[in-house]
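These notes are about the structure you will find just below.
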There are 2 protein chains.
Amino acid sequence: MTKQVTDGMEPAEVKRTEALAAEIFTDIANKWALLIINTIGESTLRFTELCAAVEGISHKMLAQTLRILERDGVVDRLVYPTVPPRVDYSLTDAGLVLRTTVNALCIWTRQHVDHIDQARQRFDERQARPSSTVAQET
Amino acid sequence: MTKQVTDGMEPAEVKRTEALAAEIFTDIANKWALLIINTIGESTLRFTELCAAVEGISHKMLAQTLRILERDGVVDRLVYPTVPPRVDYSLTDAGLVLRTTVNALCIWTRQHVDHIDQARQRFDERQARPSSTVAQET
DNA sequence: CGGCATCCTATACGATACTG
DNA sequence: CAGTATCGTATAGGATGCCG
């Protein structure tokens with residue numbers, strides 16, 4: 001998945017990095033993780049605020065995904081020893097770098113909604129009757 | 001999920017765009033779709049080539065995900081009416097734009113492998129004994 | 001309030017097998 | 001070779017409830 005970073009490593013080390021990269025990618029490249037990262041952004045949000053801000057996420061998935069992101073050093077978790085408890089979430093430095101990319105993904109989605117909607121209609125139409133995109137003989 | 005694009009729309013239209021954006025995001029923001037997009041990149045690959053290039057993907061998931069990406073107008077599918085059949089996959093213009101972002105995501109992952117690996121070790125250690133990150137009283 | 005555990009359903013996914 | 005269908009398992013994910 002995008003080499004170049006592993007240049008000049010011993011085979012064993014490359015393999016370990018490869019495996020870790022795959023793991024990390026799995027942690028991050030999923031709907032909830034990406035939405036959470038994008039939502040926190042530059043701000044600091046409490047658990048409940050996040051739960052409300054991330055459209056459609058459940059209490060459970062938020063807690064679960066936050067734990068993974070915290071472990072991976074993408075989000076910071078600050079616990080106030082008050083009662084009732086207060087927990088603030090923010091992005092780490094690494095998380096902030098990541099977030100610029102994630103945000104670009106969200107913006108791309110928004111900007112292509114119409115285009116994609118039309119592509120879908122064309123596709124669904126094509127499915128109805130045969131004759132798809134076929135390379136022409138020359 | 002990242003507003004601003006829906007400014008100056010009627011409420012009903014905003015809601016439709018909102019729903020579509022969520023759908024599209026679900027299609028794209030998952031491991032396989034992102035890996036496929038990043039792998040195709042600027043090139044044109046046959047089904048079998050893609051299957052080999054995308055680390056760990058199964059025949060089934062590749063076919064399934066490609067269908068979704070094709071429908072969304074992210075990948076182009078060119079069928080050669082030969083026997084045995086040959087099918088070439090490449091990114092559409094929209095897909096190419098998207099791919100720059102996706103690639104940035106992959107690169108970020110690679111570049112932060114060590115950093116994240118260390119963050120994980122610290123996290124796992126913290127879990128063993130209590131005393132987590134707690135806000136100090138002032 | 002934040003978080004974990006539990007239960008249950010829905011979906012993701014792999015393996016396999018069959019077609020054109 | 002590319003694709004679809006089927007089946008079984010595994011994981012995602014919602015709902016609920018209990019604790020500090």
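The figures here come from the full heavy-atom set of this structure, side chains too, leaving out hydrogens, waters and symmetry mates. The chains referred to below are lettered A, B, ... by the order of the sequence lines, with proteins before strands, and numbering in each begins at 1.
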- Item | Value in whole Å for how far the P atom of C/dA12 lies from CG of B/Leu35 | 17 Å
- Query: Closest to the B/Ala63 side chain: C/dG14, C/dG3, D/dT4?
  - Reply: D/dT4
- Item | Spacing between A/Ile68 atom CD1 and C/dC4 atom P, to the nearest angstrom | 12 Å
- Message: On the side chain of B/His59, is there an atom forming a donor-acceptor pair with the base of D/dG3 - under 3.5 Å, no angle test?
- Response: yes
- Message: Would you say A/Trp32 places a side-chain N or O within less than 4.0 Å of OP1 or OP2 belonging to D/dA12?
- Response: no
- Nearest-Å distance for atom pair CE/C1', residues A/Met61 and D/dT16: 17 Å
- Query: To the nearest angstrom, how far is A/Leu50 atom CG from C/dG3 atom P?
  - Reply: 10 Å
- Rounded off to whole Å, could you give me the CZ-to-C1' distance for the B/Arg77 and D/dC1 pair? 12 Å
- Item | Below 4.0 Å: OP1/OP2 of D/dG3 and any side-chain N or O of B/Tyr89 | yes
- Task: Taking atom types as modelled, find out whether A/Asn103 and A/Asn38 have a side-chain donor-acceptor pair closer than 3.5 angstrom.
- Result: yes
- Task: Report yes or no: do B/Arg46 and B/Tyr89 form a side-chain donor-acceptor pair below 3.5 Å?
- Result: no
- Atom pair distance, as rounded to whole Å: CG in A/Leu62 and P in D/dA12: 16 Å
- Between A/Leu35 and A/Glu55, is any pair of side-chain heavy atoms under 4.5 Å apart? no
- Could you check how far NZ of B/Lys31 sits from C1' of D/dA10, rounded to whole Å? 14 Å
- Electrostatic pair A/Glu70-A/Arg67, nearest N-O below 4.0 angstrom: yes
- Judged by nearest nucleotide, the residue sitting upstream toward the 5' end of DNA chain D, A/Pro85 or A/Lys60, is A/Lys60
- Whichever of B/Arg46 and B/Gln64 has its nearest DNA chain D nucleotide further upstream toward 5': B/Arg46
- Query: Does a side-chain N-to-carboxylate-O contact under 4.0 Å join B/Glu10 and B/Arg16?
  - Reply: no
- Note on the structure: Atom CZ of B/Phe47 and atom C1' of D/dT4 are separated, to the nearest Å, by 11 Å
